[in-house]
Amino acid sequence: MTMEVFDRAEFARCRRAMRGVRPLVQCLTNDVVQEITANVLLAAGASPAMVVSPEESGDFARIAHAVLVNIGTPTPERIEGMRRAVEGAEAVGHPWVLDPVAAGILPWRDGVIRSFVERRPTVIRGNASEILALAGTGQGGCGVDSTDASDAAVETAKRFATETGSIIVVTGERDFVTDGTRTLVVEGGHPTATLVVGTGCSLSALVAAYVGAMPEEPLHAAAASCFAAKRAAEAAARISVRPGTFHTAYIDALFEED
Ligand SMILES: Nc1ncnc2c1ncn2[C@@H]1O[C@H](COP(=O)(O)OP(=O)(O)OP(=O)(O)O)[C@@H](O)[C@H]1O
Ligand SMILES: Cc1ncsc1CCO
Ligand SMILES: [Mg+2]
């Protein structure tokens, strides 16, 4: 298993590029994480916009740097808004990110997720249970939470990246970013991140921000967003490992890091 540790110098370069662009990120995400998603993007130096209705999502995707499609709380109308946004992004060649929340446990949702995977997202970011289920080697997690370790999903993620043509990001104790050929690993962070809802969902939005700002280097862009989240979690844990205070400190740390 050949893996490269994504280092701080690379992060600093990507970070400067992302902040320089201040990417406009169209977020079609779930009901639970709207606020943390917008705040993570703002703190990190991107510009969130939750333009979701089918009447306008396609037009907005043509002007956004990148689009996030998060399947957390799906309804038929939302899915239609997401489809049109993806069409808009594709029409102008802009990247888009899929977060397959709770893949593997609900047939209708799985069909929706599959239809988006077939459209070849630039990046698919999920926890280990979601990636294993999507790739056909797992049963899914406990609702939206993972019951698998990210290390156990690396080989499956590589194969799935090759099969789909998407970059796969599998998060957990260690984050892995793979295009099937190269695999970058991002270590560290803090387990309290799993006790704040939306750290994964907002990380997917941050992936969209980085990939939108540097679309020619999506592998490094995706790894940079994982690095940002891991370092921010460590900084937040130095302030508090109680979830409420950690949440606030996490946003502050994303704002302060360079
Ligand atoms: N055991 C762990 N130790 C350290 N960091 C972790 C651990 N598990 C997850 N993380 C970090 O938590 C963040 C969220 O990843 P996770 O895999 O929990 O996403 P998720 O399940 O999709 O989250 P959510 O659905 O709540 O948004 C990532 O930055 C990841 O690196
Ligand atoms: C808790 C929850 N339920 C549906 S989406 C979501 C946010 C975490 O993925
Ligand atoms: Mg998730």
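Remember, it's 1-based here, ligands and their atoms both numbered in the order they're listed. Only this structure's heavy atoms are used, side chains among them; waters, hydrogens and symmetry mates stay out.
- Trp96 and Phe116 have perpendicular rings, their planes meeting at more than 60° on a 0 to 90° scale where under 30° would count as parallel.
- Heavy atoms only, all atoms of each residue included: Lys158 and Thr178 are closest at CG-OG1, 3.5 Å.
- Annotation for Val144 and Glu130: closest pair O-OE2, 3.9 Å, computed over non-hydrogen atoms.
- No salt bridge links Arg84 with Glu87; every basic N to acidic carboxylate O contact stays at or beyond 4.0 Å.
- The closest approach between Cys201 and ligand 2 falls below 4.0 Å for a heavy atom of the residue.
- Remark: ligand 2 atoms within the under-4.0 Å shell around heavy atoms of Gly72 are 4 (C), 5 (S).
- Under a 4.0 Å criterion applied to the non-hydrogen atoms of Val101, ligand 2 contributes the atoms 9 (O).
- Between Arg78 and Asp31 there is a salt bridge, since a side-chain N of the basic residue sits under 4.0 Å from a carboxylate O of the acidic one.
- Protein heavy atom at the shortest distance from atom 1 (C) of ligand 2 is Val144 CG2, 3.9 Å.
- The minimum heavy-atom distance linking Ile105 with Asp110 is given by the pair N-OD2, 3.9 Å.
- Residue, atom and distance of the protein heavy atom nearest to atom 6 (C) of ligand 2 are Val32 CG2, 3.7 Å.
- Remark: the backbone N or O of Gly200 is paired with a side-chain donor or acceptor of Arg125 at under 3.5 angstrom.
- Annotation: ligand 1 has protein neighbours Arg125, Asn127, Val144, Thr171, Gly172, Glu173, Asp175, Gly188, His190, Pro191, Ala193, Thr194, Gly198, Thr199, Gly200, Cys201, Leu203, Ala229, Lys230, each with a heavy atom less than 4.0 angstrom from the ligand.
- Relative orientation of the Phe6 and Phe227 rings is perpendicular, given thresholds of 30° and 60° on the angle between their planes.
- For ligand 2, the atoms closer than 4.0 angstrom to any heavy atom of Asn30 are 5 (S), 7 (C).
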